[in-house]
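Below is one structure; the comments refer to it alone.
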Amino acid sequence: MPDFTKPEALHLMKILLPFWLALFSLLPSCHPPIAARQGSLTENSKEAPGKPYLLLISCDGFRWDYVERFQPQRLKDFIAKGVAAESMIPCYPSKTFPNHFSIATGMYPDHHGLVDNSFYSPNKKAEYRTRDREKVEDGSWYGGTPIWVQATKSGMVTASYFFVGSEADVQGIRPTYYHQYDGSVSNDDRVDAVLDWLKLPEKQRPHLITLYFSDMDDVGHRYGPHADEQLREALLKLDESLGRLFDGISATGLPVTTIIVSDHGMYAVPVDQLIATETVEDDDRYRTVSNGALIHFYLHDGVDKAAVFHDLKEKENHFRVYYTEEVPYFETPPTSENWGDIMAIPDAGWYFASQRTIGLRKTGGQKEIGEHGYDPGIKDLQGIFYANGPSIQKGLRIGSFKNIHVYPFMCKILGIDIPENVDGDLNILQGVLK
Ligand code: AMP
Ligand code: ZN
Ligand code: ZN
């Protein structure tokens, strides 16, 4: 600890003065300050003022039918004065990381490379895991051009209070302000930070903000998608935070368009329908990476693929084994090596777990939990798309659509170019715009 009475320490404080001032100007005014990290571009370009503001909110695991079932008032008002889709269809697999990144890039997981929450890359000879900070923050795992990267390239300041990929240096670019993921930050602190960003002077004010809430996914996993009481309680609480956010945005008077999405829905899994992952492992012949609703098998060099396939096939019991190219749920034929050579997919409502987890579940007293990752064509696995703001039609209801189409829609709202290699198509949501 420096002694601040010493002249050298005073001198040090003086040289650092501009840094302290910059830091304090970013801190929210009336709640525990959580300083944002500083990413790329620091000021909007000369063209950016006058351009719209876009807020992308993801509510993890928010199933398409929750608003109808639980009647959250603020969300209902938001929808009534904006646009709602019947549901938003995830990409396969209906897991968090691939789908958030499909929303962020407009690409299928096969094309952006984040094929699952955890997977092995034969090319990198390494495993990606959502809890592995080094991998999560390493931009070389992420293909495509996330919307904040595209906005940055167009000279716009961007900000993120969490979003899959936002902590990584994708193409060397991070949002101007971003946070390392920390699920313990309260929703209200996240909301306050977003409102503070919108109050920044125009030059530093982000034109694109992403925000993420995990509540509905947490509760959906824990109690299952039939647990009305717990789901309602969580949703009404989230609705309060959203209401505070909506009010705060109105108070700024800024032309902010808000899009609320989710990555997937939730499927009921009875706890006696858990399958032990150990039964399909064979470390001598292949690497196994399980995500519960799907398992990836990566064969060691020289191992006979047909023989492994045959042996796994013999074990089928409430799950099916496929050569990766024959998995029936892909939107386009798989090209990424990250899927593995062979995959095992349980029937919807069955789930792979370790023997240890199965033991704990059995003694836990709970009969049913919630999981996702299965075929996105099943309605229970589908999520939400709601939008409201100056560029959005009022009172419009649209049919279900695939989440890759949100990206070109966001580019259009921000007035920035749509990269050529995206899978999403602007025509799908064009009619939602005024
Ligand atoms: P899932 O396992 O598919 O249910 O993933 C949901 C979980 O992903 C959330 O509960 C968070 O803990 C985690 N998560 C969401 N965003 C991030 C992130 N940016 N970095 C690390 N973990 C995240
Ligand atoms: Zn999720
Ligand atoms: Zn989940």
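When reading the values below, keep in mind they use all heavy atoms of this one structure, side chains included, and skip hydrogens, waters and symmetry mates. For ligands, and for the atoms within them, numbers begin at 1 and follow the listed sequence. If you're wondering where the values come from, they're calculated on a predicted model, not measured in any experiment.
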Apply ring-ring contact (aromatic ring centres under 6.0 Å, His included) to Phe330 and Trp339, showing your working. CA-CA 11 Å; Phe330 291 125; Trp339 297 109; 4.6 Å; yes
Could you give me the CA-CA distance, side-chain angles and deciding distance for Phe119 and Trp141, then say whether ring-ring contact (aromatic ring centres under 6.0 Å, His included) is met? CA-CA 11 Å; Phe119 60 89; Trp141 287 88; 5.7 Å; yes
Salt bridge (charged side-chain N to carboxylate O under 4.0 Å, His left out) evaluation trace for Glu86 with Lys379: CA-CA 10 Å; Glu86 165 71 15; Lys379 193 110 186 231; 2.4 Å; yes
Is there a ring-ring contact (aromatic ring centres under 6.0 Å, His included) between Tyr181 and Phe162? Walk through the geometry before answering. CA-CA 6 Å; Tyr181 186 72; Phe162 306 147; 4.8 Å; yes
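Among Asp116, Asn117, Val115, the one residue that satisfies the side-chain contact (heavy atoms from CB on, under 4.5 Å) test with Phe97 is Asn117. Each of Arg37, Lys135, Arg133, Arg174 was compared with Glu167 under the salt bridge (Lys or Arg N to Asp or Glu O under 4.0 Å) criterion, and only Arg133 meets it. The only member of Ser58, Pro90, Pro376 that meets side-chain contact (heavy atoms from CB on, under 4.5 Å) when paired with Asn99 is Pro90.
At least one N/O/S atom of Thr96, from backbone or side chain, sits under 2.8 Å from the Zn ion (ligand 2). In summary, Asp217 places an N/O/S atom under 2.8 Å from the Zn ion (ligand 3), meeting the contact criterion. At a threshold of 2.8 Å, the Zn ion (ligand 3) has no backbone or side-chain N, O or S atom of His264 nearer than that distance.
The neighbour count for Arg74 CZ, taken as heavy atoms of other residues, nucleotides or ligands under 6.0 Å away, is above 12.
Distance OH/Tyr161 to CG/Asp196: 10.5 Å, rounded to 0.5 Å. Here the CG-NE2 distance, from Asp60 to His100, works out to 5.0 Å after rounding to the nearest 0.5 Å.
For ligand 1, the atoms closer than 4.0 angstrom to any heavy atom of Glu167 are 18 (C), 19 (N), 20 (N). When each atom of ligand 1 is checked for a heavy atom of Asp218 under 4.0 Å away, the hits are 10 (O). For ligand 1, the atoms lying closer than 4.0 Å to a non-hydrogen atom of Arg133 are 20 (N), 21 (C). Those atoms of ligand 1 that come under 4.0 Å of a heavy atom in Asp60, given as number and element, are 6 (C). Listed by number with element, the atoms of ligand 1 under 4.0 angstrom from any heavy atom of Asp217 are 4 (O), 6 (C). Counting atoms of ligand 1 from 1 in the listed order, those under 4.0 Å from a heavy atom of Thr130 are 21 (C). Of all atoms in ligand 1, listed by their number and element, those nearer than 4.0 Å to a heavy atom of His221 are 4 (O).
Residue contacts with ligand 1 for Tyr212 involve side-chain atoms from C-beta outward but no N, CA, C or O (heavy atoms, distance under 4.0 Å).
Of the candidates Val164, Asp263, Asn117, Asp116, it is Asn117 that places a heavy atom closest to atom 2 (O) of ligand 1.
Here the heavy atom of the protein found nearest to atom 11 (C) of ligand 1 is Tyr181 OH, 3.4 Å. When hydrogens are left out, the protein atom nearest atom 3 (O) of ligand 1 is Thr96 OG1, 2.6 Å; that is the closest non-hydrogen contact.
Under the 4.0 angstrom criterion for non-hydrogen atoms, His100 is not in contact with ligand 1.
Side-chain rings of Phe401 and Phe385 approach one another, their centers coming within less than 6.0 Å.
Taking the Zn ion (ligand 2) as reference, Asp60 places its N/O/S atom OD1 nearest. When the Zn ion (ligand 2) is compared with the N/O/S atoms of Asp263, atom OD2 turns out nearest.
By the 3.5 Å distance cut-off applied to N or O atoms, His264 is not counted among the residues near ligand 1.
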